[in-house]
Amino acid sequence: MKLIQLRYVLEVFRHGNHISNTAEALHTSQPGISKHIQMLEAELGFEIFTRTRNRISGLTEPGEAVIAISQRVLNDIDNLKRLREEISAREGGPLTVATTHTQARYVLPRVIDRFLKEHPKVELRLRQGNPTQICEMVASGEADISIGTETMHEVAGVVQLPCFQLERCILVKKGHPLLKVRKPTLQDVAKYPIITHDPAFSGRWKVMDAFKQAGIEPNIVFGAVDADVSKTYVELGLGIAVMTAISFDRAKDTGLRSIDASHLFQSSTTSVSLRANSYLRNYTYDFIRLVAPDMTRARVDEALHRTAHP
């Protein structure tokens, strides 16, 4: 049994059971991947994947256990590599943080500035995506941690540690009629074209859910990829925007005004996500603490241990 066999099995599963996509992503050949999987199945004495006309179509029941075990084994191999790197470079090393635009633009600058002052030898790398994508980066090992709001679906092998809430506001152009309404209702908001997040973000479905429960059909102009794009179109007068309150900067967004919407729409929970059973370098704990001061090393370890031993 070889590690490469476990890695290929895991990667095929992550790529939707498509060997061709897996081969392209790993820059290797389809026959090579197929051969390694068949050798592993022969050694185990059972099939990992179900097949239809010689094409992989899903996982067998024991195959599901193989995926879980493979993930743990490969995580532990990565942990050993991290331990080696930390022993050889106590004060520095790489740290890859996957995050969303809102977090990178409005939450993390102060965190990163302080972190790099405390750890000047750490090579910090940022990756950006939507909430689900950044958790998938953690699961695959592309990122050490992710910082973002709720995912559209649970990502296997990832532990999410809730840190703080992001309340919502309504951004309007200076002089907008909605500013004259003391405490807007959903009916008041629905009178105007609305710009909200792309459907891949939790903010979009929380906004839509509020209208749905009230039996109101809002006029959604489009879903913007990030807060800055939304603000640009609000300034152009194309609509109003529902977004996290932290996205509004009174000093910079001089042509806009913010209206509290915490009574209309659910807040979003920002979480730090980690790969289950992962080994964290000392400076990774420090980064998490700067994001959420209450997230102590003991609390992080407890969450990881609870996931590893339910």
Side-chain angles (χ1 to χ4, degrees), residues 1-85 93-99 123 125-146 148 151-160 200 273-281 304 307-308 310:
M1 190 177 300
K2 299 178 180 179
L3 289 176
I4 193 172
Q5 295 171 339
L6 301 182
R7 192 173 299 279
Y8 281 165
V9 165
L10 195 58
E11 289 300 325
V12 167
F13 172 71
R14 285 175 177 162
H15 285 84
N17 301 319
H18 294 291
I19 292 183
S20 58
N21 292 348
T22 306
E24 183 178 352
L26 299 180
H27 306 291
T28 188
S29 68
Q30 296 182 44
I33 293 177
S34 296
K35 181 179 179 181
H36 277 292
I37 292 176
Q38 290 168 3
M39 290 171 61
L40 179 59
E41 289 178 324
E43 183 174 352
L44 292 174
F46 57 79
E47 291 188 338
I48 298 171
F49 295 101
T50 58
R51 292 171 173 81
T52 303
R53 296 180 182 176
N54 294 323
R55 297 176 68 90
I56 290 177
S57 56
L59 287 173
T60 63
E61 185 174 344
E64 295 178 0
V66 171
I67 293 297
I69 294 170
S70 298
Q71 181 68 77
R72 290 198 297 269
V73 170
L74 294 174
N75 280 352
D76 285 341
I77 294 297
D78 288 341
N79 290 340
L80 288 174
K81 292 178 181 177
R82 288 188 173 87
L83 179 59
R84 178 195 64 194
E85 291 168 358
L95 176 62
T96 302
V97 179
T99 190
E123 181 185 352
R125 308 160 185 163
L126 286 182
R127 299 286 303 277
Q128 190 171 311
N130 64 46
T132 301
Q133 289 171 337
I134 63 176
C135 282
E136 289 173 344
M137 292 180 197
V138 171
S140 67
E142 295 177 61
D144 298 300
I145 66 175
S146 72
T151 57
M152 296 299 290
H153 59 78
E154 184 177 347
V155 179
V158 171
V159 180
Q160 291 190 315
S273 297
L274 305 164
R275 191 162 56 255
N277 306 313
S278 58
Y279 172 80
L280 303 183
R281 299 179 179 91
L304 291 175
T307 304

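In this chain, numbering begins with 1 at the start of the sequence shown.
The closest side-chain heavy-atom distance from Arg281 to Leu95 is not below 4.5 Å. A 4.5 Å side-chain heavy-atom check between Tyr8 and Ile19 finds every atom pair outside the cut-off. Proximity of Leu10 to Arg14: side-chain heavy atoms (C-beta onward) are separated by under 4.5 Å at one or more points. Within the 4.5 Å cutoff, no side-chain heavy atoms of Val155 are placed close to those of Gln160. Using a 4.5 Å cut-off on side-chain heavy atoms (C-beta onward), Val97 and Arg125 make no contact. Arg275 has its side chain within reach of Asp78: a pair of non-hydrogen atoms, C-beta onward, lies under 4.5 Å apart. A heavy-atom distance below 4.5 Å is not found between the side chains of Gln128 and Ile134. Two residues are said to be in side-chain contact when any heavy atoms from C-beta on lie closer than 4.5 Å; Leu280 and Leu304 meet this criterion.
If you take CD1 on Ile48 and CD on Gln5, they are separated by 8.5 Å, rounding to the nearest 0.5 Å. Here the CE-OG1 distance, from Met137 to Thr99, works out to 10.0 Å after rounding to the nearest 0.5 Å. The line from CZ of Phe49 to CD1 of Ile37 is 5.0 Å long, rounded to the nearest 0.5 Å. Rounding to the nearest 0.5 Å places NZ of Lys2 at 5.5 Å from CE of Met39. Distance check, rounded to the nearest 0.5 Å: CG of Leu26 to CD1 of Ile33 gives 5.5 Å. A distance of 10.5 Å separates CD1 of Ile56 from OG of Ser20, quoted to the nearest 0.5 Å.
No more than 12 heavy atoms of other residues, nucleotides or ligands lie within 6.0 Å of CZ in Phe13, so this atom counts as exposed by the packing criterion.
With hydrogens and angles ignored, the 3.5 Å screen pairs no side-chain donor or acceptor of Glu123 with any backbone N or O of Gly93. In this structure a side-chain-to-backbone donor-acceptor pair under 3.5 Å is present from Thr60 to Glu47. Panel note: side chain Glu24, backbone Asn21; no donor-acceptor pair is recorded below 3.5 Å. Side-chain atoms of Ser29 come within 3.5 Å of backbone N or O of Gly32 as a donor-acceptor pair. The main-chain N or O of Leu40 is never found under 3.5 Å from a side-chain atom of Glu43 such that the two would form a donor-acceptor pair.
Closest approach of Ala139 to Val158, counting heavy atoms only: CB-CG2, 3.7 Å. Across all their heavy atoms, Arg127 and Thr96 have their closest contact at CG-CG2, 3.8 Å. Summarising the geometry of Val12 relative to Thr22, their closest heavy-atom pair is CA-OG1, 3.4 Å, with the distance given to 0.1 Å. Closest of all the heavy-atom pairs between Cys135 and Thr151 is SG-CG2, 3.6 Å. What you find for Asp144 and Val138 is that their closest heavy atoms are O-CG1, 4.2 Å.
Looking at Thr50 and Ser57, their side chains do bring a donor and an acceptor atom within 3.5 Å of each other.
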Requested in this report: In sequence, state the C-alpha distance, the side-chain angles, and the governing distance for Leu80 and Tyr279, and then conclude on side chain to side chain contact (heavy atoms under 4.5 Å, CB included).
Outcome: CA-CA 8 Å; Leu80 288 174; Tyr279 172 80; over 6 Å; no
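In summary, Arg51 and Glu41 engage in a salt bridge, as defined by a charged side-chain N under 4.0 Å from a carboxylate O.
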